[in-house]
Amino acid sequence: MRAWRRVTALARKDLLLEWRGRDALVPAASFGLAVLVVLGLVWGGSPEAAPPVLWLALLLASVLAMGRSAEREDEEGTLEVLVLYPGSREDLFWGRWLALCVLLLALGAGLWAAQVLLFNAPTRNSTTLLLVGLLVAVGLSAVGTLLAALLQHVRAGRLLLPLLFLPTTVPVLLAGVRLTEAATSGTPAGPWWGVLAAFDLLFLLVGPGLFEVAVEG
Amino acid sequence: MVRAFVVGGTAALVALGLLLGLWASPPDAYQGDYVRIMYVHVPAALASYAAAAVACGAGALYLQRRQPLFDAWARAGAELAALFSGLTLLTGMIWGKPVWGVWWAWDARLVTTAVLFLLYVGCLLVRGLADDPERGRRLSAVVAVVAFLDVPLVHYSVVWFRTLHQGPSISLQGVKVAPEFLVPLVVNALAYLALLGLLLAERARLARLEWER
């Protein structure tokens with residue numbers, strides 16, 4: 001089977017299981033909504049507060065979502081079988097990464113809509129925002145796929161995930177906030193497209209190789 | 001023989017650094033005696049970056065070759081990166097309170113050092129909490145590599161986040177260092193790097209003994 005077929009088959013498997021069980025998206029989206037409400041309450045629901053709150057909520061909610069695929073495979077013991085199939089193990093990374101990208105995009109879209117309603121945030125330049133969301137999802141999924149696989153066989157791994165994930169993704173959070181502000185209020189975007197692209201590129205380059213090391217044995 | 005020479009030389013260099021920093025250096029016109037904290041703070045920061053680089057390099061080599069030697073150095077590097085970045089944060093705060101008036105400022109360097117500290121603490125936790133020691137070695141090497149590659153990005157994004165929004169209230173960039181401060185600083189930096197090298201070698205030796213046991 002060619003590599004892209006393996007990748008899409010794996011992503012399809014993850015998304016299908018998610019669609020049937022909805023055990024990652026629903027808890028993560030509910031948690032993200034809770035973060036939006038609590039932060040809005042504390043900071044006051046002005047439109048200026050919306051971009052940081054949106055991306056912070058997505059970042060925190062994605063921590064819940066990203067461990068699920070690895071966990072499912074652990075529960076069912078499917079990883080061993082997947083590793084035994086012919087072909088590169090990097091495809092396992094790309095499959096999970098693709099599924100997580102789709103999941104995070106859906107999560108981001110939901111939180112964005114909630115944030116528009118709750119914070120009365122402007123909806124200008126939504127195509128630019130979609131592009132920002134796409135780049136953020138790509139970067140977060142790359143880090144998330146790698147870290148989730150890494151922490152699968154570590155005691156208290158679920159607790160360590162945010163400790164490693166949140167500091168690592170600081171550039172994504174900051175870039176997301178600034179680019180959203182730029183899109184909705186017309187301030188200059190500065191170097192942030194570059195920061196986001198560099199982050200995505202870095203983790204897409206090192207992610208697959210390090211993932212292989214994490215899932216072996 | 002060589003080891004005694006290295007230990008003696010490092011001790012002498014650290015003592016010389018202390019002497020220069022505590023007595024030879026004049027108090028600063030604005031900061032007074034607080035400037036002496038700089039002689040510990042800046043070298044500790046340098047040592048933490050150097051230790052992180054060692055952890056990353058040795059970790060990458062371990063992932064490639066799987067030899068105990070590289071793991072020992074990666075382990076030593078990660079522990080010392082956490083130690084020296086923690087020291088950097090601590091001394092920075094002690095200096096910041098009297099000079100800046102605050103314990104903490106959201107300056108890019110502070111945030112970067114805090115991120116470095118957190119990631120290397122995570123690296124040590126992953127090693128300690130892994131199911132079996134071999135997995136711990138592998139996974140902590142992965143974290144060390146990821147952390148080292150990510151830290152420059154964090155640094156620049158924090159610089160831009162603060163400056164584009166509301167210029168940084170305090171920046172060290174404008175400070176010119178006069179020779180009477182520069183000499184103790186350089187001597188202390190060399191002393192800390194020598195100390196780092198010694199601690200790395202000793203920790204790596206200990207790690208290899210543990211491995212053989």
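Chain A is the first sequence line, chain B the second, and so forth, proteins listed ahead of strands; every chain is numbered from 1.
- Ranked by heavy-atom pairs under 4.5 Å with chain B, the first of A:Val195, A:Val143, A:Leu163, A:Thr168 is A:Thr168.
- The 12-atom threshold is not exceeded at OH of B:Tyr156, counting heavy atoms of other residues, nucleotides or ligands nearer than 6.0 Å.
- Using a 4.5 Å cut-off on side-chain heavy atoms (C-beta onward), A:Leu210 and B:Leu63 make contact.
- In this structure, the separation between CG on B:Leu118 and CG on A:Leu164 is 9.5 Å, given to the nearest 0.5 Å.
- Inter-residue side-chain proximity for B:Val142 and A:Phe211 is flagged as unmet; no heavy-atom pair is nearer than 4.5 Å.
- When all heavy atoms of A:Pro171 and B:Asp150 are compared, the closest pair comes out as CG-OD1, 4.4 Å.
- Between A:Phe203 and B:Leu149, the closest side-chain pair of non-hydrogen atoms is not below 4.5 Å.
- Annotation: side chain of B:Val145 is not in contact with side chain of A:Val206 (no heavy-atom distance under 4.5 Å).
- For A:Leu166, no part lies under 4.5 angstrom from a heavy atom of chain B.
- Here the closest heavy-atom approach between residue B:Arg66 and residue A:Val213 is recorded as NH2-CG1, 4.0 Å.
- Proximity to chain B (any heavy atom under 4.5 Å) is shown, for A:Leu147, by neither the backbone nor the side chain.
- The nearest pair of heavy atoms linking A:Val170 to B:Val154 is CG1-CG1, 4.2 Å.
- Interface remark: A:Val177 contributes side-chain atoms only to the contact with chain B (heavy atom separation under 4.5 Å).
- Ranked by heavy-atom pairs under 4.5 Å with chain A, the list B:Val111, B:Leu139, B:Val115, B:Asp132 is led by B:Leu139.
- Contact detail for A:Ala198 and B:Leu153: the closest heavy-atom pair is CB-CD2, 4.2 Å.
- Distance check, rounded to the nearest 0.5 Å: CG of A:Leu160 to SG of B:Cys123 gives 11.0 Å.
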